[in-house]
Amino acid sequence: ASTAQSDPVLDWNFQALEAIRLDADTPPEATRGLAMIHSAILDAVNAIEATPGRYVSLPAVEGSSPVAAVAAAAHRVLSYLYPAQQAIFDAALTNSLDDVPNGAGKTNGVALGQAVADAIIATRANDGYDAFVEFTNSNIPGVWHPTPPMFDVPLLSHWGDVQPFVIENTEE
């Protein structure tokens, strides 16, 4: 059964997918961005439900709007990842918050979502996503080689060193 109300998580997931498409992100970059967005959404909702966060545990003021928290968290991370699309995200945030009654619940939900998003952004700021390295071709078996027909350079050869979201790095 469908309702007139939309699902804010699905709405913001759509915004994220559109941002990825418009920015022509590579699959690894898109995956990292989606993980950041949905981690912020999850931990904002977890805070409202008094459930420990997966990455960030912040207290929520009782009565905080989950819709406002989801929208604010997604908006903040998307704005960080895709600053050139800020106007699109601002319009989507306005649209999302139009459905939330004005008052403390809305204000507190927005503040919570933004705080969780800021913490997620800070957590991922030094994860190695931007530590590009020059790829050196090799004839050693088992090492990546350019393949026909394009013989293109490898995609994000440094990506194997990016800090994973879930798996612990045992090499340190």
Under 3.5 Å, is there a donor on one side chain and an acceptor on the other for D11 and Q15? no
Pairs involving residues 13-24, ordered by first then second residue, that meet salt bridge (Lys or Arg N to Asp or Glu O under 4.0 Å) (sequence neighbours left out): E18-R21
Mind checking whether N13 and I41 have side chains closer than 4.5 Å, heavy atoms only? no
Considering non-hydrogen atoms only, spot the tightest contact between G33 and L81 and give its length. CA-CD1, 3.6 Å
Minimum heavy-atom separation for A16 to L34, with atom names? CB-CD2, 3.8 Å
On a heavy-atom basis, the closest approach of W12 and F89 is CH2-O, 3.8 Å
Applying side-chain contact (heavy atoms from CB on, under 4.5 Å), can you list everything that pairs with L10, at least two apart in sequence or on another chain? D7
May I have all residue pairs that pass salt bridge (Lys or Arg N to Asp or Glu O under 4.0 Å) and include part of residues 139-149, sequence neighbours excluded? none
List for me each residue that meets side-chain contact (heavy atoms from CB on, under 4.5 Å) alongside L58, sequence neighbours excluded, and say none if there are none. V56, L112, A115, V116
Looking at S39 and A35, what are the two nearest heavy atoms and their distance? OG-O, 2.6 Å
Which residues pass the side chain to side chain donor-acceptor pair (under 3.5 Å) test with T31, sequence neighbours left out? none
I121 and M36: CA distance, side-chain angles, deciding distance, side chain to side chain contact (heavy atoms under 4.5 Å, CB included) verdict: CA-CA 7 Å; I121 291 166; M36 289 175 67; 4.2 Å; yes
Counterpart residues, side-chain contact (heavy atoms from CB on, under 4.5 Å), relative to N95 (two or more places apart): none
A30: partners by side-chain contact (heavy atoms from CB on, under 4.5 Å), with sequence neighbours left out: I20, D25
For residues 44-55, run the donor-acceptor check on the side chains, cut-off 3.5 Å, and write out each pair with its distance to 0.1 Å, sequence neighbours left out.
residue	atom	partner	partner atom	Å
N46	ND2	P52	O	3.4
T51	OG1	E49	O	3.4
Y55	OH	F165	O	2.8

Per the side chain to side chain donor-acceptor pair (under 3.5 Å) rule, what does the pair list look like for residues 105-115, sequence neighbours excluded? N102-K106
Less than 3.5 Å apart, which donor and acceptor atoms pair up between the side chains of residues 59-71 and the rest of the protein, not counting sequence neighbours?
residue	atom	partner	partner atom	Å
S64	OG	V61	O	2.6
S65	OG	V67	N	3.3
S65	OG	A68	N	3.1

Does any non-hydrogen side-chain atom of L78 lie less than 4.5 Å from one of Q86? no
Any side-chain to backbone donor/acceptor pair from E29 onto T26? Under 3.5 Å, distance only. yes
Same hydrophobic cluster for L17 and V77, using side-chain heavy-atom links shorter than 4.5 Å among ILVMFWY? yes
Residue pairs meeting salt bridge (Lys or Arg N to Asp or Glu O under 4.0 Å), one or both in residues 70-85, sequence neighbours left out, come to R76-D118
